[in-house]
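Heads up: numbering here begins at 1 and tracks the sequence.
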Amino acid sequence: MTEVDFYEVLGVTRTAGDEEIKKAYRKLAMKYHPDRNQGDKGAEEKFKEVQRAYEVLSDSQKRAAYDQFGHAGVDGNMGGGGGFSGGFDFGDIFSQMFGGSAGGRQQQNHQGADLQYHVEITLEEAARGIKKKITIPTHEECDVCHGSGAKAGTSATTCSMCGGSGVVHVRQAIFQLQQTCPTCHGSGKQIKDPCVKCHGEGLVKTRKTVEVSIPAGIDDGQRIRLSGEGEPGKHGAAAGDLYVLVNVRPHPVFERDGMDLHCELPISFTIAALGGEVEVPTLDGKVKLNIPKETQTGRRMRVRGKGIKSVRSAAVGDLYCHIVVETPVNLTDRQRELLEEFEKISTGMDRAQTPRQKSFMDKLRDLFE
């Protein structure tokens, strides 16, 4: 029988690392898998060849022996070089590579399911933190059978299908696969006389109230995990977790950007021109803000430390006020008279006094000239 080079079989060099060998093996094993090549004896033989090569090259000791002595160094381990030896655990390799179960025993997980609950809070509550009580639908251990699922005076018996292992073996092509037992659904137990209250589930529906501590600084869309507050596990298994998804309602004044807050601050054109002091809203009340003279619409002014506290540290963001110079409406006769007088004395005003208008006119001149 012609001996093949294991490196050539996997399509890798002799200096290939473990990850490269594993990647090459996975690709070829999927390509030549008998389930994908029903009735193709050539693919089946190629698959066995790939398995033989990977068994050697994935084991540091076997690979060293193969590199030094060739097939002679590993033939003893390979059952004469032609087939699978008694020590070759095909199931372990397949399970390790593909997460499946070609022969290795699966562990059944009966932990309770995780739950998710949505809670809505205000921006003020998000900034300061708050404790909220929520009531959620759940299950609890049946008080009649105490979670066993069996009728009072009886008990669960070992599953006759799987012998208590929770799994059954199914032969497919050259493989022996392992699946969850369809009779006991992986529990390994059968309940012949189910509890009259929970009907064999071991759990009954109920509702419970949980207090959630929402930390200061939490943002919209973030989750809080309450360990063990989810669905209880069946037959005494561990409970799942409760995930509280926080939704922060939109605020009528402020918009949040991480730790910072933004708001629009309208001021009169008199304050904008002459400067002055205005009151600014914050989440903690009003503060005074000095507006410099000749302030234009769009200017952004910062109020330090009036943003949102970080959920992970003591740092606090800032409040940014976006200035909007407001045009007055519903003028009185006297106000209109004064504005008209102002307009008259402003005719021929030095363009340096109207920087935005000057910039606009300069752009127009450059555009058309």
Side-chain angles (χ1 to χ4, degrees), residues 99-101 105-152 155-156 159 162 164-167 178-191 194-251 256 258-259 308-313:
S101 54
R105 181 183 178 89
Q106 289 182 331
Q107 288 191 356
Q108 300 301 316
N109 182 10
H110 302 289
Q111 178 175 327
D114 293 336
L115 298 177
Q116 181 165 287
Y117 185 90
H118 291 253
V119 63
E120 190 174 72
I121 62 176
T122 66
L123 181 61
E124 288 83 357
E125 290 171 337
R128 302 183 185 112
I130 190 173
K131 290 186 177 181
K132 281 191 173 288
K133 290 184 177 180
I134 59 175
T135 301
I136 58 175
T138 183
H139 292 81
E140 66 181 4
E141 185 180 276
C142 177
D143 59 356
V144 175
C145 67
H146 304 292
S148 71
K151 186 178 179 179
S155 60
C159 177
C162 64
S165 67
V167 294
Q178 184 173 276
Q179 298 177 349
T180 300
C181 176
T183 301
C184 66
H185 305 291
S187 67
K189 300 288 184 180
Q190 280 182 294
I191 300 174
C195 171
V196 295
K197 184 173 182 179
C198 67
H199 307 290
E201 292 295 320
L203 303 171
V204 292
K205 291 182 178 180
T206 186
R207 296 177 71 85
K208 68 176 179 180
T209 299
V210 180
E211 185 175 74
V212 184
S213 294
I214 300 176
I218 197 164
D219 207 347
D220 183 67
Q222 291 184 329
R223 295 195 309 176
I224 300 170
R225 176 174 170 264
L226 301 180
S227 180
E229 293 293 350
E231 290 279 10
K234 289 186 178 181
H235 310 302
D241 299 329
L242 172 63
Y243 290 89
V244 179
L245 180 63
V246 177
N247 297 123
V248 182
R249 288 199 293 268
H251 196 276
R256 181 174 178 177
M259 293 167 54
I308 303 289
K309 176 187 175 297
S310 170
V311 75
R312 296 183 179 86
S313 69

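In this structure, Thr135 OG1 and Lys208 NZ are separated by 11.0 Å, a value rounded to the nearest 0.5 Å. Once rounded to the nearest 0.5 Å, the distance linking NE2 of His146 with SG of Cys195 reads 9.5 Å. Distance check, rounded to the nearest 0.5 Å: CD1 of Ile134 to OG1 of Thr209 gives 9.0 Å. Here the NZ atom belonging to Lys189 is positioned 10.0 Å from the SG atom belonging to Cys162, to the nearest 0.5 angstrom. In this structure, Gln222 CD and Asn247 CG are separated by 11.5 Å, a value rounded to the nearest 0.5 Å.
Leu242 and Gln116 make their closest contact through CD1-N, 4.4 Å (heavy atoms, listed as atom of the first residue, atom of the second, distance). The shortest heavy-atom contact between Gln190 and Cys159 is OE1-CA, 3.5 Å. For the residue pair Thr206 and His139, the shortest heavy atom distance occurs at CG2-C, 4.0 Å. Considering all non-hydrogen atoms of both residues, Glu231 and Thr138 come closest at OE1-OG1, 3.7 Å. Residues Gly228 and Ala239 share a closest heavy-atom pair of O-CB, 3.6 Å. Taking each heavy atom of Ile191 and Ala150 in turn, the nearest pair found is CG2-CA, 3.9 Å.
Glu125 places a side-chain heavy atom less than 4.5 Å from the side chain of Lys132. For the pair Asp143/Lys197, a side-chain contact is recorded, criterion being any heavy-atom separation below 4.5 Å from C-beta on. Looking only at side-chain heavy atoms (C-beta outward), Arg249 and Leu123 stay at 4.5 Å or farther from each other.
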Start with the C-alpha gap between Ile224 and Val246, add the side-chain angles, then the distance that decides, and say whether side chain to side chain contact (heavy atoms under 4.5 Å, CB included) holds. CA-CA 8 Å; Ile224 300 170; Val246 177; 4.2 Å; yes
Check against side chain to side chain contact (heavy atoms under 4.5 Å, CB included), Ile214 and Val119: CA-CA 10 Å; Ile214 300 176; Val119 63; 4.3 Å; yes
Stepwise side chain to side chain contact (heavy atoms under 4.5 Å, CB included) test for His251 and Thr122: CA-CA 8 Å; His251 196 276; Thr122 66; over 6 Å; no
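Under a 3.5 Å cut-off, the side chain of Lys309 and the backbone N or O of Gly129 do not form any donor-acceptor pair. At distances below 3.5 Å, not a single donor-acceptor pair connects side-chain atoms of Asp241 with backbone N or O atoms of Asp114.
Here Arg223 pairs with nothing under the salt bridge (Lys or Arg N to Asp or Glu O under 4.0 Å) rule; sequence neighbours left out. Evaluation of the side-chain contact (heavy atoms from CB on, under 4.5 Å) rule for Ala126 yields Ile121, Ile218, Val248, Arg256 as partners, not counting sequence neighbours.
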